[in-house]
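Have a look at the structure below before the remarks.
Here is how names work: the chains are called A, B, and so on, in the same order as the sequence lines, proteins then strands, and each is numbered from 1. Fair warning: this is a prediction, and the values are worked out from it, not measured in the lab. Reckoned from all heavy atoms, side chains included, excluding hydrogens, waters and symmetry mates.
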Number of protein chains: 2
Amino acid sequence: MLSKKTKYGLKALTYLARAEGKEPVQIAEIAKHENISQKFLESILLTLRRNGFLGSKKGKGGGYYLIKEPKEIHMTTVMRVLEGPIAMVPCVSLNFYEKCDDCPDEDSCSVHKLMLQVRDSALEVYRNNTLADLL
Amino acid sequence: MLSKKTKYGLKALTYLARAEGKEPVQIAEIAKHENISQKFLESILLTLRRNGFLGSKKGKGGGYYLIKEPKEIHMTTVMRVLEGPIAMVPCVSLNFYEKCDDCPDEDSCSVHKLMLQVRDSALEVYRNNTLADLL
DNA sequence: TATTATCCTATCATTTTACTAGGGTTTTCA
DNA sequence: TGAAAACCCTAGTAAAATGATAGGATAATA
């Protein structure tokens with residue numbers, strides 16, 4: 001299941017992309033429009049800022065804004081930051097690889113075989129989508 | 001993340017497929033070979049039996065066995081039984097559809113748009129794989 | 001009838017998730 | 001200059017899911 005964190009993060013990014021070129025957008029405004037708990041959204045926007053997706057401005061008239069063009073924001077990176085590994089098992093993860101404790105041989109493991117395909121198909125989707133594609 | 005339940009279930013099915021044609025296989029044997037907690041595996045095999053994948057025999061010489069040919073066991077059904085919905089959000093689920101509380105309009109929802117593609121790509125993989133393909 | 005092995009329910013510890021609390025800090029603007 | 005606006009940051013917490021265990025009931029076999 002997609003976590004709410006990721007879901008809300010994607011919605012916030014979309015909202016900001018639609019408001020692009022204008023003034024910074026306040027957390028409260030996004031939270032209200034997208035029906036998200038404001039405090040929770042605050043923490044999500046914070047991680048998006050720390051990971052280079054958003055800029056922010058403090059004080060009155062402040063808020064958040066995209067620091068890249070929507071077409072430069074790839075879903076692979078968004079998903080990895082918000083949701084974590086794209087692979088469903090660590091032993092097929094490109095960026096978070098880990099060997100299974102139990103499994104002695106990956107090559108003969110049926111789970112490995114299947115999840116490799118699932119990972120590749122998900123990656124293809126994420127690679128083919130930027131924020132601009134979701135507007 | 002793939003749950004251990006699904007992972008172990010897949011491994012058990014694979015094990016049984018490789019032992020096909022022979023006598024029923026005992027839980028203990030599968031648990032040992034695949035490094036799975038026996039009691040946990042017991043409950044998994046039980047749900048696989050209840051969902052029509054396995055047959056069982058009690059008493060001495062008993063155990064579990066496949067009741068279909070490996071090539072008749074599709075990953076879509078296995079995944080749905082063990083892991084639940086294939087979709088990452090209920091609003092794009094074919095078999096477990098649910099409307100989102102927050103989202104007023106699915107057609108304009110960026111999350112919906114993206115997750116629809118992810119679901120389709122995962123489905124394609126699962127549809128193209130039977131248990132026989134994983135051996 | 002003793003042994004083997006599945007069947008079944010309940011419980012439990014751990015982890016993750018989704019969220020809340022409660023301030024601190026910076027900027028703006030009257 | 002000072003009050004209000006808005007982001008910054010850490011910590012905590014309730015609920016749910018997960019992974020596993022306990023303990024016996026039932027059925028088949030020899």
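Between Ser37(B) and dT21(D), a side-chain N or O to OP1/OP2 separation shorter than 4.0 Å is present. Taking 4.0 angstrom as the limit, Ser3(B) places none of its side-chain polar atoms (N or O) nearer than this to OP1 or OP2 of dA17(D).
Note: CG (Asp102(A)) to P (dG19(D)) measures 12 Å, nearest angstrom. In this structure, the CG atom of Leu16(B) is 11 Å from the P atom of dT6(C), given to the nearest Å. Distance Leu41(A) CG to dC19(C) P: 11 Å, rounded to the nearest Å. Rounding to whole angstrom units, CG of residue Asn35(B) and C1' of dA20(D) are separated by 16 Å. In this entry the distance linking NZ of Lys4(A) with P of dT20(C) reads 12 Å, nearest Å. Residue Tyr8(B) contributes atom OH, which lies 9 Å from atom C1' of dA20(D) at whole-angstrom precision. Summarising the geometry, the separation between CE on Met1(A) and C1' on dT18(D) is reported as 15 Å, rounded to the nearest angstrom. Put simply, CZ on Phe40(A) is 14 Å from C1' on dA15(D), counting in whole angstrom units.
Rounding to the nearest 0.5 Å gives a distance of 11.0 Å between OH of Tyr8(B) and CG of Leu2(B).
Over its length, the helix from dT1(C)-dA30(D) to dA30(C)-dT1(D) turns its helix axis by 10°, as judged from the five terminal pairs at each end, rounded to 10°.
Annotation for Glu106(A) and Tyr97(A): closest pair OE2-OH, 2.5 Å, computed over non-hydrogen atoms.
Between His33(A) and Tyr15(A), the two ring planes are tilted [angle within 30° to 60°].
Each of Asp133(B), Val78(B), Thr130(B) was evaluated against Ile73(B); a single residue qualifies, Val78(B), per the side chain to side chain contact (heavy atoms under 4.5 Å, CB included) test.
Glu83(B) and Ser3(B) form a side-chain donor-acceptor contact under 3.5 Å, judged by distance and modelled atom types alone.
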Going through the checks in order, is the salt bridge (Lys or Arg N to Asp or Glu O under 4.0 Å) test met by Glu29(B) and Lys32(B)?
-> CA-CA 5 Å; Glu29(B) 182 184 332; Lys32(B) 196 180 169 191; over 6 Å; no
Evaluate the criterion side chain to side chain contact (heavy atoms under 4.5 Å, CB included) for residue pair Lys4(A) and Phe40(A); output intermediate values, then yes/no.
-> CA-CA 10 Å; Lys4(A) 300 251 177 182; Phe40(A) 191 26; 4.2 Å; yes
From CA spacing to verdict: salt bridge (Lys or Arg N to Asp or Glu O under 4.0 Å), Lys113(B), Asp107(B) | CA-CA 8 Å; Lys113(B) 208 170 184 175; Asp107(B) 294 332; over 6 Å; no
Between the protein and nucleotides 5-8 of chain D, which nitrogen or oxygen pairs are less than 3.5 angstrom apart?
| from | atom 1 | to | atom 2 | distance (Å) |
| --- | --- | --- | --- | --- |
| dA6(D) | O4' | Gly59(A) | O | 3.4 |
| dC7(D) | OP1 | Ile27(A) | N | 3.0 |
| dC8(D) | OP1 | Arg49(A) | NE | 3.3 |
| dC8(D) | OP1 | Ser56(A) | OG | 2.6 |
| dC8(D) | OP2 | Tyr64(A) | OH | 2.2 |
| dC8(D) | N4 | Glu42(A) | OE2 | 2.4 |

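A distance-only check finds a donor-acceptor pair linking the side chain of Arg119(A) to the backbone of Val92(A) [under 3.5 Å].
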